[in-house]
Number of protein chains: 2
Amino acid sequence: MTAAADGELRVIGLRGIPIVQPDDDIAELIVDAASAQGVGIEDGDAIAVTQRIVSRAEHQLRRLDEFEPSPFALEYADRTEKDPRVVEAVLRESTRVIRQVGGVLITETKHGFKCANAGVDGSNVGGEEFVSLLPVDPDASCERIRAGIAERTGADVAVIMTDTFGRPWRHGQTNVAIGVAGMLPFRDYVGENDMDGIELRVTTICVADQIAGTAELVMGKSDGVPVAIMRGYDYPRGNGSASEIVREMELDLFP
Amino acid sequence: MTAAADGELRVIGLRGIPIVQPDDDIAELIVDAASAQGVGIEDGDAIAVTQRIVSRAEHQLRRLDEFEPSPFALEYADRTEKDPRVVEAVLRESTRVIRQVGGVLITETKHGFKCANAGVDGSNVGGEEFVSLLPVDPDASCERIRAGIAERTGADVAVIMTDTFGRPWRHGQTNVAIGVAGMLPFRDYVGENDMDGIELRVTTICVADQIAGTAELVMGKSDGVPVAIMRGYDYPRGNGSASEIVREMELDLFP
C-alpha cells in the first residue's frame with residue numbers, strides 16, 4: 001500500500017486570510033483564499049487549520065479581566081512572575097495539574113490533551129489584555145469547516161486543527177492534531193506484512209499528528225499563514241476524531 | 001520570516017532503492033535513485049532516510065544468536081512471551097529501563113533516546129532470526145551521507161535519519177529525527193514578534209522531528225520507500241545534531 005498517491009505530496013500554505021473576527025466563517029475564508037491563490041480545493045485534500053483562528057471565530061479570544069484569580073492562582077503567579085489572570089484562565093481550562101515545577105504548568109485540558117498552560121495562548125491575540133483559549137470541541141469545529149467547504153466547493157476533504165505542544169523527553173515543540181474530521185487519525189499496519197513477509201511490529205501511526213507537523217513547516221508562527229493544504233496524501237478514510245488520539249489515563253505510563 | 005520558500009513544499013518518496021547490504025554506500029544509492037526517478041538532488045533539499053537502511057549498511061543487522069539472554073532477560077521474556085534474545089538485545093542497547101509494564105519495555109538508549117525496545121526492530125530485517133539495532137552514531141551517519149551526496153552532486157543538503165517512536169499521552173507512533181546533519185534541528189522564534197507585535201510565547205519548534213513525520217507520510221512502512229526528499233523548505237542552516245533534541249534527564253519532568 002502506498003501512502004502518497006504517486007509518491008509525492010504538495011504542501012501549500014494559504015496566505016491572504018484576514019485577521020479572523022468572531023463569527024467569521026472559516027470554511028468561507030479558506031475557500032476564498034485558496035481560490036485567490038489559484039490552488040483551489042480538491043477532493044482528497046487534507047487541510048490543516050491553526051487553532052488560533054478557529055478560537056477567534058468561536059469567541060474563545062477572551063479579555064483577561066474575565067478571569068478573577070483564585071488565591072491559588074495568585075500565589076503561584078506571584079511566585080513565578082506570571083499574570084495571575086492568565087494562570088486563572090489556565091486552571092479553569094484544566095481538569096488536573098500533571099506537573100507544576102517552577103514556571104512550568106502542565107495540565108490536562110477538558111478535552112484530555114496534556115500540554116503546557118492548557119493551550120491558553122497570549123500571543124497573536126490582539127494585545128496583552130487578551131488570551132486565546134482552545135475551541136470547546138475541536139473535532140466538531142473541524143467537521144463544521146469540512147461541511148462548509150463541501151457545501152461551497154463540493155470537495156470531500158479532511159480537516160485537521162493544529163496546535164503547538166511540547167512533549168516529554170525531547171526538546172522543542174511540534175504541531176499536533178487537536179481536531180480531526182473526514183479522516184481517521186491513525187494509519188494501521190496491523191496484519192500488513194513488511195518487505196520480508198514478517199508481521200510488522202509497528203502497528204499504528206498517528207498520521208494526523210504528522211500532517212499537523214508538516215503544516216507547521218509552511219505555517220511558521222508569525223507569517224500569517226494559518227492554513228495549509230496537503231495535496232497528494234491518501235489519508236485513511238473514515239469518520240475519525242482527535243479525541244481518539246488522547247491516551248486514557250489508565251493506559252498512560254506517564255500520568 | 002517565511003518557513004517555506006514560496007509557501008509550498010514538495011515531498012518526494014524515492015522508490016527503486018534496492019535492499020541495502022552491509023557496506024553499501026547510502027549516499028550513492030540515494031543519488032542514483034533520485035536520478036533514475038528524474039527528480040535529482042538540489043541545494044537546500046532536506047533528505048529523510050529511514051534508520052533501517054542505515055543500520056543494514058552499518059552492520060547493525062544482527063543475528064539473534066549473538067544475544068545470549070541473561071537470567072533477567074529470560075525471566076521477563078518468559079513472563080511476556082517474548083523472544084529472550086530480543087529482550088537481551090534491547091537491554092544491551094539500553095542504559096536504563098524507564099518503564100517495564102507487562103509487555104511494554106521503554107528504555108533510554110545509549111544515544112539518550114527514550115523509546116520502546118531501544119529501537120531494536122525485528123521487522124524488515126531479512127527474517128525472524130535477525131534484529132536491527134539503531135546506528136551507533138546516527139548524527140555521524142547523517143553527516144557521512146550528506147558529505148557523500150555533496151561529493152557526487154555538489155548539492156548542499158540536510159540529512160535527517162528517521163525512526164518511529166511512541167510517546168506519552170497520545171496514541172499512535174510518529175516518525176522522529178534520530179540523526180541530523182546540515183541543518184539545525186530547531187527553528188527558534190525567541191525574540192520574533194507575532195502578528196500583533198507581542199513577543200511569542202512559543203519559542204522553539206523541533207522542525208527536524210516535523211520533517212521526519214512528514215517523510216513517514218510518503219515512506220509508509222511497507223512500501224520500499226526508505227528515503228524522502230523535502231524540497232522547498234528553508235530549514236534553519238547550521239551544523240546541528242539530533243543529540244541536541246535529547247532532553248537531559250535532570251531537565252525532564254517525566255524521567
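Within every chain, numbering begins at 1; the chains are lettered A, B, ... in the order of the sequence lines, protein sequences first and strands thereafter.
Arg170(B) places none of its side-chain heavy atoms less than 4.5 Å from the side chain of Arg247(A). Looking at heavy atoms from C-beta onward, Glu8(B) lies out of side-chain contact with Val11(A) at the 4.5 angstrom threshold. In this structure the side chain of Lys114(A) never reaches within 4.5 angstrom of the side chain of Pro168(B), judged on heavy atoms. In this structure, Phe254(A) and Leu253(B) have side chains that are not in contact, with every pair of non-hydrogen atoms separated by 4.5 Å or more.
Summarising the geometry, atom CG belonging to Leu217(B) is positioned 5.0 Å from atom OG1 belonging to Thr214(A); distances are rounded to the nearest 0.5 Å. Going from atom CZ of Arg187(A) over to atom CD of Gln173(B) covers 14.5 Å, rounded to the nearest 0.5 Å. Note that the CD atom of Glu216(A) and the CG atom of Asp209(B) stand 11.5 Å from one another [nearest 0.5 Å].
With respect to chain A, the highest number of heavy-atom pairs below 4.5 Å among Asn117(B), Val176(B), Val39(B), Val101(B) belongs to Val176(B).
Proximity to chain B (any heavy atom under 4.5 Å) is shown, for Val207(A), by both the backbone and the side chain. Contact of Ile229(A) with chain B is not made at all, since no heavy-atom distance falls under 4.5 Å. At a 4.5 Å heavy-atom cutoff, the contact between Met230(A) and chain B is made by side-chain atoms alone. Interface remark: Phe186(A) contributes side-chain atoms only to the contact with chain B (heavy atom separation under 4.5 Å). For Asn175(B), the parts lying near chain A are the backbone and the side chain together; criterion is any non-hydrogen pair under 4.5 Å. When heavy atoms are compared at a cutoff of 4.5 Å, Val104(A) approaches chain B solely by way of its side chain, counted from C-beta outward. Both the backbone and the side chain of Glu248(B) have a heavy atom closer than 4.5 Å to some heavy atom of chain A. Proximity to chain A is limited to the side chain of Arg99(B), based on heavy atoms less than 4.5 angstrom apart.
Shortest non-hydrogen contact noted between Cys206(A) and Arg167(B) is CB-NH2, 3.4 Å. Closest heavy-atom contact between His171(B) and Leu251(A): CE1-CD1, 4.2 Å.
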Original post:
Can you check side chain to side chain contact (heavy atoms under 4.5 Å, CB included) on Thr174(A) and Ile205(B), steps first, answer last?
Top reply: CA-CA 6 Å; Thr174(A) 60; Ile205(B) 303 293; 5.6 Å; no

Original post:
Passes side chain to side chain contact (heavy atoms under 4.5 Å, CB included), Trp169(B) versus Ile245(A)? Steps please.
Top reply: CA-CA 8 Å; Trp169(B) 305 340; Ile245(A) 303 173; over 6 Å; no

